[in-house]
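I have placed the structure first, in the form of structure tokens, so that the comments after it can refer back to it.
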2 protein chains.
Amino acid sequence: MSAGREVRDAVLSGYMAERGLKTTRQRTLIIDTFFEVGGHLSVEELWGRVRGRDTRVSVATVYRTMKLLAESGLVHAQNFGDGQARYEVAVGREHHDHLICTGCGAIVEFENDRIEALQEAVARRHGFQVRSHKMELYGLCRNCQRG
Amino acid sequence: MSAGREVRDAVLSGYMAERGLKTTRQRTLIIDTFFEVGGHLSVEELWGRVRGRDTRVSVATVYRTMKLLAESGLVHAQNFGDGQARYEVAVGREHHDHLICTGCGAIVEFENDRIEALQEAVARRHGFQVRSHKMELYGLCRNCQRG
DNA sequence: CTCAGTGCAAAGTCTTTGCACGATT
DNA sequence: AATCGTGCAAAGACTTTGCACTGAG
């Protein structure tokens, strides 16, 4: 994934330079931690992991940093119905959707071009011009079906 | 839609009788108002309409009543990303998904069996047993595309 | 008469924000 | 040195809840 990291750093550096944003200890730590985990993290969860490495980071900064990443296009905010926003890596990836296990909370990503095509067709039929979409399938993963 | 109303009343009466719940002025008013509008209402919006008819109803009661309806299976809570829950009629209807206009907020419902079938297939391929799903297409409706 | 329901305000979540201090460019 | 960033706590938005009073059955 070093290629991924390069893309990420390039996008982020460009965005920050362009806006005169500064590179701080907190931002670096939060961003590195987030991308190491790979996404689907809530702010609270991310904050937990960040504090494991440096206690002197406040939640407010994590909120602010994730918002910044979202604005730069590096991540997307998602909402899986548990009341808190979850972020996932957005840059350098195809669009995808989610399978969410209601038992253990596992999140599996998938893509399906046929579904996307059908979505487009449905939208067109209703006169809509689709900009984005969101599809989530909730159920039990293989492990949780045994419970 | 008088048939719809009968189904609704039967489901609700059954549910209430079974649990010893009482029929009150507030509940009747909230429920009637909600079903007259037909759904996709947030609590705040519904409260507004209810208060138009009777000022003596509190938001808390609207929250409690909608929660009751959701538990009885008459309505479903949805979350279209604007930060507040929206309820829609659930009983006596097929599953459906939503097209949401990011311009004017219009919400259009649709169903598509082929998409549902593909969703099932995807889930099976990942070992998931799907219980429910949610699909939203965001974009501009015909009118808003002119803007 | 009894127990559920209601109004009100307080409390709970998650998230944002104002302000004074601290760090980066 | 000039700004932007951070921590902290307060404030916001939405929703839930405790409590004393009201009303349905």
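Numbers restart at 1 for each chain; the letters A, B, ... are given by sequence-line order, proteins then strands.
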Quiz item: Which nucleotide of DNA chain D is the first, and which the last, in the 5' to 3' direction, to come under 4.0 Å of a heavy atom belonging to chain B?
Solution: dC14(D) to dG25(D)
Quiz item: Any side-chain donor paired with an acceptor under 3.5 Å for E109(B) and H126(A)?
Solution: no
Practice problem: Answer yes when K134(A) and D97(A) have at least one side-chain N-carboxylate O distance shorter than 4.0 Å, and no when they do not. | Solution: no
Quiz item: Where along residues 29-37 of chain A does a heavy atom come under 4.0 Å from DNA chain D, residue by residue in number order?
Solution: none
Self-check item: Rounded distance in Å - CH2 (W47(A)) to P (dT15(C))
Solution: 13 Å
Exercise. Look at the side chain of T65(A) and the backbone N and O of T61(A), then say whether any donor-acceptor pair between them is shorter than 3.5 Å.
Key: yes
Self-check item: Nearest atoms (heavy-atom pairs only) where C101(A) meets L140(A)
Solution: SG-CA, 4.0 Å
Quiz item: Roughly, in whole Å, what's the span from CE in M16(B) to P in dC3(C)?
Solution: 18 Å
Quiz item: Taking for each residue the nucleotide of DNA chain D with the nearest heavy atom, is it L68(A) or Y63(B) whose nucleotide lies nearer the 5' end?
Solution: L68(A)
Quiz prompt | Q119(A) and H133(A) side chains, donor-acceptor separation under 3.5 Å | solution = yes
Quiz prompt | dG7(C) phosphate, OP1 or OP2, under 4.0 Å from R56(B) side-chain N/O | solution = no
Quiz item: Between D54(B) (CG) and dG5(C) (C1'), how many Å, whole number?
Solution: 15 Å
Quiz item: Of E45(A), H98(A), Q78(A), which meets side chain to side chain donor-acceptor pair (under 3.5 Å) against R86(A)?
Solution: E45(A)
Exercise. State whether the side chain of Q84(B) and the backbone N or O of S42(B) hold a donor-acceptor pair below 3.5 Å, judged by distance alone.
Key: no
Practice problem: Could you tell me the separation between the CD atom of Q84(A) and the C1' atom of dT16(C), rounded to a whole number of Å? | Solution: 16 Å
Exercise. Could you say whether Q26(B) or K67(A) is positioned toward the 5' end of DNA chain C, judged by the nucleotide with the nearest heavy atom to each?
Key: Q26(B)
Quiz item: Is the shortest distance from a Lys or Arg side-chain nitrogen in E36(B) or R53(B) to a carboxylate oxygen in the other one below 4.0 Å?
Solution: yes
Exercise. Could you encode protein contacts along nucleotides 19-25 of chain C as a string, one character per nucleotide from 5' to 3', using B for base contact, S for sugar-phosphate-only contact and - for no contact, with a heavy-atom cut-off of under 4.0 Å?
Key: -----BS
Exercise. Using modelled atom types only, decide if a donor and an acceptor are shared between the side chain of Q129(B) and the backbone of R124(B) within a distance under 3.5 Å.
Key: no
Exercise. Check every strand shown and say whether V59(B) touches a base, only sugar-phosphate, or nothing at a heavy-atom separation below 4.0 Å.
Key: nothing
Quiz item: Do D32(A) and R49(A) meet the salt-bridge criterion of a basic N to acidic O distance under 4.0 Å?
Solution: no
Quiz item: Just by distance, with hydrogens left out, do H76(A) and E88(A) show a side-chain donor and acceptor under 3.5 Å apart?
Solution: no
